[in-house]
*Asks:* 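First the structure, which I've put down as structure tokens, then a few questions once you've had a look.
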Amino acid sequence: MLTTDYVPGAPNWLDLGAPDTEAAVAFYGSLLGWRFESAGPEAGGYGFFTLDRKTVAAVGPLTEEGARAAWTPYFHTPDAEATAKTVEQAGGTVRLAPFDVFEEGRMAQFTDPGGARFAVWQPGRTAGLDAVTDPGTLCWTELHSPDPAKDLAFYRKIFGWDTEEMPFPGGSYTVLMTSGAGREGSFGGVAQLQEGHSTPPQWLPYFEVTDCDAVVARGQDLGGSVLMPAMSAEGIGRMAWLTDAGRAPFGVIASGGPGA
């Protein structure tokens, strides 16, 4: 279960690269009730999404040439430099070398061997997001990989994650857990990216909601689109994949909801 008691390897930050940050603020404000707080003029348009005065995500303009709108998960690291070296040695790419974010922490951004983008956050004054798992906040992170076995080997070298296979008719799903924490340390999973699928390899964040179907309908009204219609999974909840108005993919889930 994802908590704000961040340990190495756990997701501790999440931000959105958007082609139009004002449109993104309007979309998520109407969909999830988020408010926006600028990080200041020196932050280049970057700012924070808040819910009940707690930071639940962040947003900023796209800065890389050819970049598409996307959410990027950050994972806790005690040493961003060491992680960057391990990423290179393990076959990943360093897109943005480690650097200080004022006195808040230290960050770096990478691409895994399969092509999915992710980042790390080495806490300074800011440990990470203020709230997770509650309605309107991040509750799960899911890697859509063209080669799960290869990518899992990569991430184990980086973060030492533990895994558990969950078979289902026609395939299996890999649950990710921080090292040594067991099921209590589960925070995400890995799914096979189907050949010919329209979305590229990616990390997909899931936000907890109270009514999945209502959120899907509202997202479409706000200019988003549906990538996967709402479906129920026994014992898990009711979930769907959407894109926002800027085409960034994300998931929503009503955990343990109708049909779970």
Side-chain angles (χ1 to χ4, degrees), residues 2 8-19 57-60 62-77 80 83-98 107-121 128-129 138-163 165-166 171-178 186-207 227-228 239 241-244 246-253:
L2 185 59
N12 62 346
W13 194 255
L14 179 74
D15 64 20
L16 171 66
V59 61
L62 295 173
T63 57
E64 296 180 61
E65 186 175 349
R68 60 182 179 85
W71 284 97
T72 300
Y74 290 64
F75 299 97
H76 179 291
T77 179
T83 299
K85 290 179 182 178
T86 305
V87 165
E88 289 186 312
Q89 293 168 354
T93 302
V94 177
R95 294 194 342 272
L96 193 61
M107 65 167 282
Q109 295 186 341
F110 313 110
T111 302
D112 71 22
R117 296 185 172 195
F118 70 103
V120 294
W121 179 255
L129 301 174
L138 178 70
C139 64
W140 195 252
T141 52
E142 187 171 84
L143 175 63
H144 295 173
S145 167
D147 189 339
K150 181 178 180 180
D151 283 337
L152 278 170
F154 167 81
Y155 284 106
R156 287 191 187 102
K157 292 178 182 177
I158 308 305
F159 299 118
W161 291 339
D162 294 330
T163 60
E165 291 299 315
M166 295 182 63
S172 68
Y173 186 84
T174 304
V175 175
L176 301 173
M177 300 166 283
T178 52
S186 63
F187 62 83
V190 181
Q192 174 75 52
L193 184 66
Q194 300 302 314
E195 188 174 347
H197 199 281
S198 59
T199 59
Q202 64 184 342
W203 280 95
L204 189 80
Y206 281 76
F207 302 111
L227 293 177
M228 183 185 76
M239 68 194 79
W241 298 346
L242 306 170
T243 68
D244 62 26
R247 307 298 297 171
F250 65 99
V252 295
I253 182 169

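Source: prediction; values computed, not measured.
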*Asks:* Using side-chain contact (heavy atoms from CB on, under 4.5 Å), reason through Phe250 and Leu14 one step at a time and then give a plain yes or no.
*Replies:* CA-CA 12 Å; Phe250 65 99; Leu14 179 74; over 6 Å; no

*Asks:* Nearest 0.5 angstrom please: Asp112 CG to Phe154 CZ, how far?
*Replies:*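 The CZ atom of Phe154 is 6.0 Å from CG of Asp112, to the nearest 0.5 Å.
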
*Asks:* Would you indicate whether the side-chain heavy atoms of Val190 and Asp151 approach each other to under 4.5 Å?
*Replies:*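 No. Closest side-chain heavy atoms not under 4.5 Å.
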
*Asks:* Grab the two heavy atoms, one from Pro19 and one from Gly246, that are nearest each other, plus how far apart they are.
*Replies:*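 Heavy atoms only, the tightest pair is CG-O, 4.2 Å.
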
*Asks:* For Leu176 and Thr163, run side-chain contact (heavy atoms from CB on, under 4.5 Å): C-alpha distance rounded to whole Å, both residues' side-chain angles, the deciding distance at 0.1 Å, then the answer.
*Replies:* CA-CA 5 Å; Leu176 301 173; Thr163 60; 3.9 Å; yes

*Asks:* For Arg95, enumerate each residue passing the salt bridge (Lys or Arg N to Asp or Glu O under 4.0 Å) test, keeping only those at least two apart in sequence or located in another chain.
*Replies:*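 For Arg95, the residues satisfying salt bridge (Lys or Arg N to Asp or Glu O under 4.0 Å) (neighbours in sequence not counted) are Glu64.
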
*Asks:* What closest approach, in Å, do Ala108 and Ala97 show between heavy atoms, and which atom pair accounts for it?
*Replies:*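 In this case the closest contact between Ala108 and Ala97 is CB-C, 4.2 Å.
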
*Asks:* Do Leu2 and Trp140 have side chains that approach each other closer than 4.5 Å (heavy atoms only, starting at C-beta)?
*Replies:*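 A side-chain contact is absent here, since even the closest heavy-atom pair is not under 4.5 Å.
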
*Asks:* Compare every heavy atom of Pro113 with every heavy atom of Gly91, then report the nearest pair and how far apart it is.
*Replies:*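 Looking at all heavy atoms of both residues, the shortest contact is O-CG, 3.8 Å.
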
*Asks:* Taking side chain to side chain contact (heavy atoms under 4.5 Å, CB included) as the test, write out the residues that go with Arg68, two or more places apart.
*Replies:*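 If we apply the side chain to side chain contact (heavy atoms under 4.5 Å, CB included) test to Arg68, skipping adjacent residues, the hits are Ala70, Pro200, Gln202, Pro249.
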
*Asks:* Considering non-hydrogen atoms only, spot the tightest contact between Val59 and Ala18 and give its length.
*Replies:*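 Where Val59 meets Ala18 most closely, the heavy atoms are CG2-CB, 4.2 Å.
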
*Asks:* With side-chain contact (heavy atoms from CB on, under 4.5 Å) as the criterion, how do Leu204 and Trp241 come out once you've worked through the C-alpha distance, each side chain's angles and the decisive distance to 0.1 Å?
*Replies:* CA-CA 9 Å; Leu204 189 80; Trp241 298 346; 3.5 Å; yes

*Asks:* Could you tell me whether the side chain of Ile253 reaches within less than 4.5 Å of the side chain of Cys139, counting heavy atoms only?
*Replies:*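 Answer yes - side chains close enough.
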
*Asks:* Measuring from atom CE of Met239 to atom OH of Tyr206, what distance do you get when rounded to the nearest 0.5 angstrom?
*Replies:*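 Those atoms lie 6.0 Å apart.
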
*Asks:* Would you please name every residue forming a side chain to side chain contact (heavy atoms under 4.5 Å, CB included) with Ala248, sequence neighbours left out?
*Replies:*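 With sequence neighbours excluded, Ala248 shows a side chain to side chain contact (heavy atoms under 4.5 Å, CB included) to Leu16, Ala69, Trp71, Asp244, given in chain and number order.
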
*Asks:* Once rounded to the nearest 0.5 Å, what's the spacing between atom CD of Gln109 and atom OG1 of Thr63?
*Replies:*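 Here the rounded value is 7.0 Å.
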
*Asks:* Residues two or more places apart in sequence or in another chain: which of them pass side chain to side chain contact (heavy atoms under 4.5 Å, CB included) with Ala191?
*Replies:*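 So Ala191 forms a side chain to side chain contact (heavy atoms under 4.5 Å, CB included) with His144, Tyr173.
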
*Asks:* Write down the atom of Gly114, the atom of Pro146, and the distance for their closest heavy-atom approach.
*Replies:*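 In terms of heavy atoms, the two residues are closest at O-CG, 3.9 Å.
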
*Asks:* So Tyr155 and Trp203, would you call those rings parallel, tilted or perpendicular, with 30° and 60° as cut-offs?
*Replies:*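 Answer is perpendicular, since the angle exceeds 60°.
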
*Asks:* Suppose we screen for side chain to side chain contact (heavy atoms under 4.5 Å, CB included). Which residues come up paired with Thr83, at least two apart in sequence or across chains?
*Replies:*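 In terms of side chain to side chain contact (heavy atoms under 4.5 Å, CB included), with neighbours along the sequence ignored, Thr83 is linked to Thr77, Val87, Phe110, Val120, Ile158.
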
*Asks:* Does the side chain of Pro8 reach to within under 4.5 Å of the side chain of Thr178, using non-hydrogen atoms?
*Replies:*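 No, their side chains stay 4.5 Å or more apart.
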
*Asks:* Near Met228 CE, under 6.0 Å, is it more than 12 heavy atoms from other residues, nucleotides or ligands?
*Replies:*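 It does: Met228 CE has more than 12 such atoms within range.
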
*Asks:* His76 and Trp13: side-chain contact (heavy atoms from CB on, under 4.5 Å), yes or no, with the steps?
*Replies:* CA-CA 8 Å; His76 179 291; Trp13 194 255; over 6 Å; no

*Asks:* Who are the side chain to side chain donor-acceptor pair (under 3.5 Å) partners of Trp161, not counting sequence neighbours?
*Replies:*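 Trp161 satisfies side chain to side chain donor-acceptor pair (under 3.5 Å) with no other residue.
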
*Asks:* What's the separation between atom CG in Leu242 and atom CZ in Arg247, rounded to the nearest 0.5 Å?
*Replies:*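 That separation rounds to 11.0 Å.
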
*Asks:* On a heavy-atom basis, which atom in Val175 and which in Ser186 lie closest, and how many Å separate them?
*Replies:*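 Nearest heavy atoms, Val175 then Ser186: CG1-CB, 3.8 Å.
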
